[in-house]
Amino acid sequence: MTRLVLLSGWGIDARIWQPLAPYWPDGIRVHTPDWPGYGERIHDLLPKTLSGLADEMRNDLPSDAVWVGWSLGGLLAGTLLSHLPPPRALVLVGIGARFCSEDGVRPAELATFRRAFDRDPRATWQHFLRWQLQGETAPRMAHRRLLDLLGGHPGASSQTLALGLDQLASLDLGERLAMPPCPIWRLAGERDRLLGKTARQAADRILIDCGHCPMLSCPEALASHCVDLAHAGCGHRPTQDGSVS
C-alpha cells in the first residue's frame, strides 16, 4: 500500500482534492488533512512558528508516506522537512523555491495584494480565486467548479489567511532543494501564471494545458503523475508518460 498525503494551498481547504477521487488506482491510500485553521480545523489556531505547525501536523505527515504539497502547501511541506522525519518523497505542485520571483509574481505585486487583503479580506480572497485560474484553458468553468467545492466564503479565518500571506512572502526552499533529505519532485502547469518561466523550466514534470489549479482542469493527469512519483519514492522507476517500470 502506497500512502499519499495531499496538502492544499493558500485560502483553500482540503476539499480542493475531491476531483481526483475517481482516478486513484488500487493500492493507493490517500489522506487529505486540513492545515490548522482551515476547513474541518477552522476553529484551530494556525501556529505562528514552524515548529508549532510541525507539532500540530505530526500525525498527519507520517514518514512512510509521500507528501504532495500544492502552492503554499508545498512551501509549508518543504519547510517542515526541517522539523519532522522526512517522507519517502515530496512532490511540489505549482510552486518553486519561493512564491515570488522576478518572472512570476513579483514581491511588489504580493505586497499590493496584502494591502488589499487588509482592507477587505473576503473580496481579496475572491479575487485570488480568479487570479490563480487565469492560465486554465477554461477559467470560467474552473471557477464554477471551485465555487461548487468551496462555496462563496473562505474556509479559514482572516487571521489564518493573513498569516498564510506572511508565509508566502517569506518561505524559501532553496536550501532544501539543494540538499534534499528525501526525493523532491516538482510538477508545474504549462500555463501557470503564478509560476515564473524559470520555475516552470526547473520542474521535473509539465502538466500540459494546465494552469495553477490542475486538480480542477486536469485531475486525471495530476493523479497519474502523483501516483507515478509516489511509486518512485517507494523504489520503482518513474516514467514521463505516468507509468511505472
Side-chain angles (χ1 to χ4, degrees), residues 7-16 34-39 42 45-50 53 69-79 92-136 138-140 142-147 149-174 186-200 202-203 210-217:
L7 301 161
S8 57
W10 185 84
I12 295 178
D13 59 55
R15 290 175 290 179
I16 190 65
D34 277 311
W35 295 104
Y38 276 92
I42 193 169
L45 293 178
L46 178 62
K48 294 183 178 181
T49 66
L50 293 169
L53 181 60
W70 169 60
S71 197
L72 175 59
L75 283 178
L76 289 172
T79 304
L92 302 175
V93 181
I95 197 67
R98 293 165 296 280
F99 178 72
C100 290
S101 65
E102 289 303 316
D103 59 352
V105 178
R106 297 190 176 188
E109 191 173 7
L110 180 59
T112 298
F113 183 87
R114 295 175 72 182
R115 288 193 294 270
F117 180 85
D118 289 340
R119 292 191 299 270
D120 192 335
R122 182 180 174 188
T124 308
W125 172 78
Q126 291 173 331
H127 168 72
F128 181 80
L129 297 187
R130 295 183 175 88
W131 182 28
Q132 68 178 351
L133 295 171
Q134 290 179 359
E136 306 300 345
R140 291 184 179 179
H143 186 249
R144 286 197 297 270
R145 290 174 180 168
L146 187 56
L147 292 181
L149 288 172
L150 304 180
H153 300 273
S157 69
S158 296
Q159 180 182 1
T160 294
L161 295 176
L163 182 53
L165 291 177
D166 292 342
Q167 293 167 336
L168 282 176
S170 63
L171 294 182
D172 189 331
L173 298 184
R186 285 182 272 182
L187 299 181
E190 179 185 36
R191 300 155 55 94
D192 191 339
R193 300 287 181 86
L194 300 190
L195 274 183
K197 181 178 180 181
T198 302
R200 291 197 302 272
C210 290
H212 191 66
C213 297
M215 57 287 291
L216 300 175
S217 56

Side-chain heavy-atom pair Gln167, Thr79 within 4.5 angstrom cut-off: no

Spacing of CG belonging to Leu72 relative to CG belonging to Leu7, to within rounding of 0.5 Å: 10.0 Å

Separation of Met215 CE from Leu146 CG (nearest 0.5 Å): 10.0 Å

Which atom of Asp34 lies closest to which atom of Ala14, heavy atoms considered: OD1-N, 2.8 Å

Pairs touching residues 150-166 that satisfy side-chain hydrogen bond (donor to acceptor under 3.5 Å, both in side chains), sequence neighbours left out: Arg114-Asp166, Ser157-Thr160

CA sep, side-chain torsions, deciding dist, call: Leu147, Leu129, side chain to side chain contact (heavy atoms under 4.5 Å, CB included): CA-CA 9 Å; Leu147 292 181; Leu129 297 187; 4.1 Å; yes

Qualifying residues under salt bridge (charged side-chain N to carboxylate O under 4.0 Å, His left out), relative to Asp120, sequence neighbours excluded: none

For Pro107 against Glu102, the heavy-atom pair lying closest together: CD-OE2, 3.9 Å

Taking every non-hydrogen atom, the tightest pair across Arg145 and Leu216: NH1-O, 2.7 Å

Reported OG-to-CD1 distance for the pair Ser8 and Ile16, which is rounded to 0.5 angstrom: 8.0 Å

Residues forming a salt bridge (charged side-chain N to carboxylate O under 4.0 Å, His left out) with Arg98, sequence neighbours excluded: Asp172

Side chain proximity check, Leu168 to Val105, heavy atoms < 4.5 angstrom: no

Contact check, side chains of Pro121 and Leu161, non-hydrogen atoms, under 4.5 Å: no

Heavy-atom pair with the smallest gap, counting every atom of Leu165 and Phe117: CD1-CG, 3.8 Å

Straight-line distance of Leu76 CG to Leu46 CG, nearest 0.5 Å: 8.0 Å

Set of residues satisfying side-chain contact (heavy atoms from CB on, under 4.5 Å) with respect to Arg119, sequence neighbours excluded: Arg115, Ala116

Check: Trp70 side chain, Cys213 main-chain N or O, donor-acceptor pair, under 3.5 Å: no

Ring geometry between Trp131 and Phe128 (parallel below 30°, tilted from 30 to 60°, perpendicular above 60°): perpendicular

Spacing of Leu173 atom CG and Ile95 atom CD1 [to the nearest 0.5 Å]: 7.5 Å

CD-CZ distance between Glu136 and Arg193, expressed to the nearest 0.5 angstrom: 10.0 Å

Short side-chain to backbone donor-acceptor contact, Tyr38 and Ile12, under 3.5 Å: no

Contact summary for Asp192 and Arg200, nearest pair of heavy atoms: O-NH1, 3.2 Å

Residue pair Lys197 / Asp103: nearest heavy atoms and the distance that separates them: N-OD2, 3.2 Å

Any Thr124 side-chain heavy atom under 4.5 Å of Asp118 side chain: no

Salt bridge (charged side-chain N to carboxylate O under 4.0 Å, His left out) partners for Arg15, two or more places apart: Asp13

Aromatic ring proximity Phe99/Trp10, centre distance under 6.0 Å: no

side-chain contact (heavy atoms from CB on, under 4.5 Å) partners for Ala199, two or more places apart: Leu195

